[in-house]
Amino acid sequence: MNSYDVAIIGSGPGGYVAAIRCAQLGMKTAIIEKYSTLGGTCLNVGCIPSKALLDSSHHYEDAVKHFEEHGIDIPGEIKVNLEKMIARKQAVVDQTTGGIDFLMKKNKIDVYEGLGAFKDATHITITGKETIEIEAKNTIIATGSKPSSLPFIKLDKERVITSTEALKLKEIPKHLIVIGGGVIGLELGQVYKRLGAEVSVVEYMDRIIPTMDAGLSKELNKVLKKQKFKINTSHKVKSVERKGDEVIVKADNKKGEEVTFIGDYCLVSVGRQAYTEGLNAEAAGVKLTDRGMVDVNEHLQTSTANIYAIGDVIKGAMLAHKAEEEGVFVAETIAGQKPHIDYNLIPGVVYTWPEVAAVGKTEEQLKEAGVAYKTGQFPMRALGRSRASMDLDGFVKILADEKTDEILGVHMVGARAADMIAEAVVAMEYRASAEDVSRMSHAHPTFTEAIKEAALAATGDRALHV
Ligand code: FAD
Ligand code: NAD
């Protein structure tokens with residue numbers, strides 16, 4: 001029987017990063033994945049394919065709507081070749097997952113294809129083409145998550161679909177009904193909106209992206225409405241019925257009136273849930289929470305001391321980079337180091353265009369905690385860079401402590417916000433004040449000048465270009 005210092009179950013961004021760090025630290029490492037490709041949700045049916053389709057559809061929209069204004073004439077009709085678009089996405093996925101194979105080999109990590117199930121706290125049975133057993137001094141559970149649904153919805157995966165099917169549709173929906181105005185609904189909704197679908201978002205809460213700062217919800221809502229999204233907030237979905245090629249969604253609005261949506265596809269994007277099916281966690285004494293997540297302490301250790309868990313299968317934001325940080329954290333913990341993660345500084349991004357990005361506390365959180373804060377906000381449209389590229393929507397908002405001027409939260413909507421948020425993370429990691437950032441040179445012309453300007457605005461209304 002093969003024996004390891006560490007076995008990792010699940011090869012998503014949590015699992016494969018944990019494996020690499022364990023190997024770097026000199027531990028004999030194995031990774032177990034039930035699918036034939038490594039990379040988990042993120043690489044196969046999540047982050048990477050969704051961004052590939054967002055990029056392709058963005059190019060199409062630019063060609064149709066903006067090229068002419070830029071002085072680019074395209075003779076003839078511009079058409080979408082959906083089959084080719086999906087094939088390109090798949091090629092990107094294949095190349096990326098292939099890269100993980102390379103990294104496993106490079107780091108001398110043994111890869112097992114099959115379902116990993118605990119036999120006891122130190123033995124794992126792997127059921128693939130054959131059944132084998134391995135021994136592991138330590139195990140890291142990194143089994144991720146799967147889409148959630150609502151109890152009355154029958155996901156037929158043809159017309160009533162999750163994100164997984166939405167990434168490989170064979171036709172552009174005429175009318176896509178999106179249940180849940182969170183990250184997945186808006187990102188994939190925007191892909192098909194750009195390709196020509198009518199998109200109706202049906203959201204239970206009173207605003208889209210409800211966990212982010214309310215200012216971001218408002219701005220994104222405004223922009224998406226300009227893009228002709230139909231957004232229905234405060235709508236409680238009560239039934240979803242498939243009739244032939246039609247999907248009929250019924251919801252109650254704020255006034256309690258019944259509203260009916262008829263479309264040809266319905267994307268259910270109401271969140272994701274921890275995945276532990278087939279893991280046989282109880283055989284190893286690993287306890288789950290009442291919401292089905294693996295229960296962990298501050299060291300990400302489960303109820304069994306030599307078994308850890310990371311990523312979507314435990315509490316916290318379901319984000320690839322959060323899973324990665326936890327992978328490194330656990331590898332270093334097992335190696336006897338004392339690592340640290342500041343969960344307040346894990347940024348959140350929505351890859352619509354304009355992009356939405358945030359780190360730290362929202363205004364709502366600061367108010368609730370009774371923290372006195374000041375706000376500096378700067379509109380993207382005031383930047384020369386924004387006018388040059390015609391990306392005028394959005395703003396950067398900096399929240400700083402009223403007394404100390406320490407930056408407590410940065411929230412932005414705008415072109416390339418996903419990349420810009422890194423500056424805010426660095427600033428907050430080093431506990432910068434708004435004045436610190438306002439005194440740093442930002443290259444001109446760039447979108448990042450909005451960060452400097454928002455910092456100036458927070459430091460006594462000193463923005464220069466408004
Ligand atoms: P996963 O990536 O889910 O990997 C878990 C792996 O474990 C899977 O491969 C699974 O097959 C395997 N597994 C499960 N049980 C077993 C078992 N018993 N034996 C063997 N293998 C097993 N996050 C971002 O940060 N940015 C984004 O842009 C982004 N976009 C997304 C878009 C979509 C459409 C979706 C669905 C998600 C997106 N996410 C994004 C979220 C991100 O994909 C997850 O947070 C991330 O993949 C979690 O990583 P993980 O390692 O915890 O689990
Ligand atoms: P989400 O939590 O972002 O959004 C779900 C939305 O559905 C929320 O707005 C919620 O209020 C709404 N909702 C819940 N129940 C509802 C109901 N009965 N009727 C109508 N609306 C309802 O979840 P998601 O969009 O499904 O994404 C799942 C996870 O994947 C997220 O946790 C996210 O972190 C991750 N993800 C991240 C990215 C990214 O980082 N860019 C992209 C995609 C997915």
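No hydrogens, no waters, no symmetry mates; every other heavy atom, side chains included, goes into these values. Counting convention: from 1, in listed order, for ligands and their atoms alike.
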Counting only nitrogen or oxygen atoms and a 3.5 angstrom limit, does [X] reach ligand 1?
| X | value |
| --- | --- |
| E277 | no |
| T41 | yes |
| M318 | yes |
| I184 | no |
| G116 | yes |
| G14 | yes |
| E33 | yes |

Between [X] and ligand 1, find which residue part has any heavy-atom pair under 4.0 Å and reply side chain, backbone, both or neither.
| X | value |
| --- | --- |
| P13 | both |
| S145 | backbone |
| L115 | both |
| R272 | side chain |
| V45 | backbone |
| S163 | side chain |

Fill in: ligand 1 contacted by S50 (non-hydrogen, < 4.0 Å)
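The answer is yes: ligand 1 sits under 4.0 Å from a heavy atom of S50.
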Worksheet item: Are any of the heavy atoms in V313 under 4.0 Å away from ligand 1?
Response: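 No; V313 lies far enough from ligand 1 that no heavy-atom distance drops under 4.0 Å.
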Item to complete: Not counting sequence neighbours, which residues clear side chain to side chain contact (heavy atoms under 4.5 Å, CB included) with T448? List them please.
Response: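 With neighbours one apart ignored, the set is M420, E423, H442, T446.
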Fill in: Best match, A320, A418, S269, A117: closest heavy atom to atom 23 (N) of ligand 1
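Minimum heavy-atom distance to atom 23 (N) of ligand 1 goes to A320.
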Practice prompt. Sort out the contact shell of ligand 2: every protein residue with a heavy-atom distance below 4.0 Å, listed by chain and number.
Written response: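 L150, I179, G180, G181, G182, V183, I184, E187, V202, E203, Y204, M205, P210, S269, V270, G271, R272, M318, L319, V349, Y351.
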Practice prompt. Please name all residues satisfying ring-ring contact (aromatic ring centres under 6.0 Å, His included) with H58, sequence neighbours left out, ordered by chain then number.
Written response: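 Checked H58 against ring-ring contact (aromatic ring centres under 6.0 Å, His included); matches are W353.
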Under 3.5 Å, sequence neighbours excluded: what are the donor-acceptor pairs made by side chains of residues 342-350?
| unit_1 | atom_1 | unit_2 | atom_2 | d |
| --- | --- | --- | --- | --- |
| D342 | OD1 | N344 | N | 3.0 |
| Y343 | OH | E326 | OE2 | 2.6 |
| N344 | OD1 | K361 | NZ | 3.3 |

Worksheet item: Does any donor atom in the side chain of D312 or S145 lie under 3.5 Å from an acceptor atom in the other side chain?
Response: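 Distance-only check passes for D312 and S145.
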Worksheet item: For V396 and M412, which heavy atoms make the closest approach, and how far apart are they?
Response: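 Scanning both residues, the minimum pair turns out to be CG2-CB, 3.9 Å.
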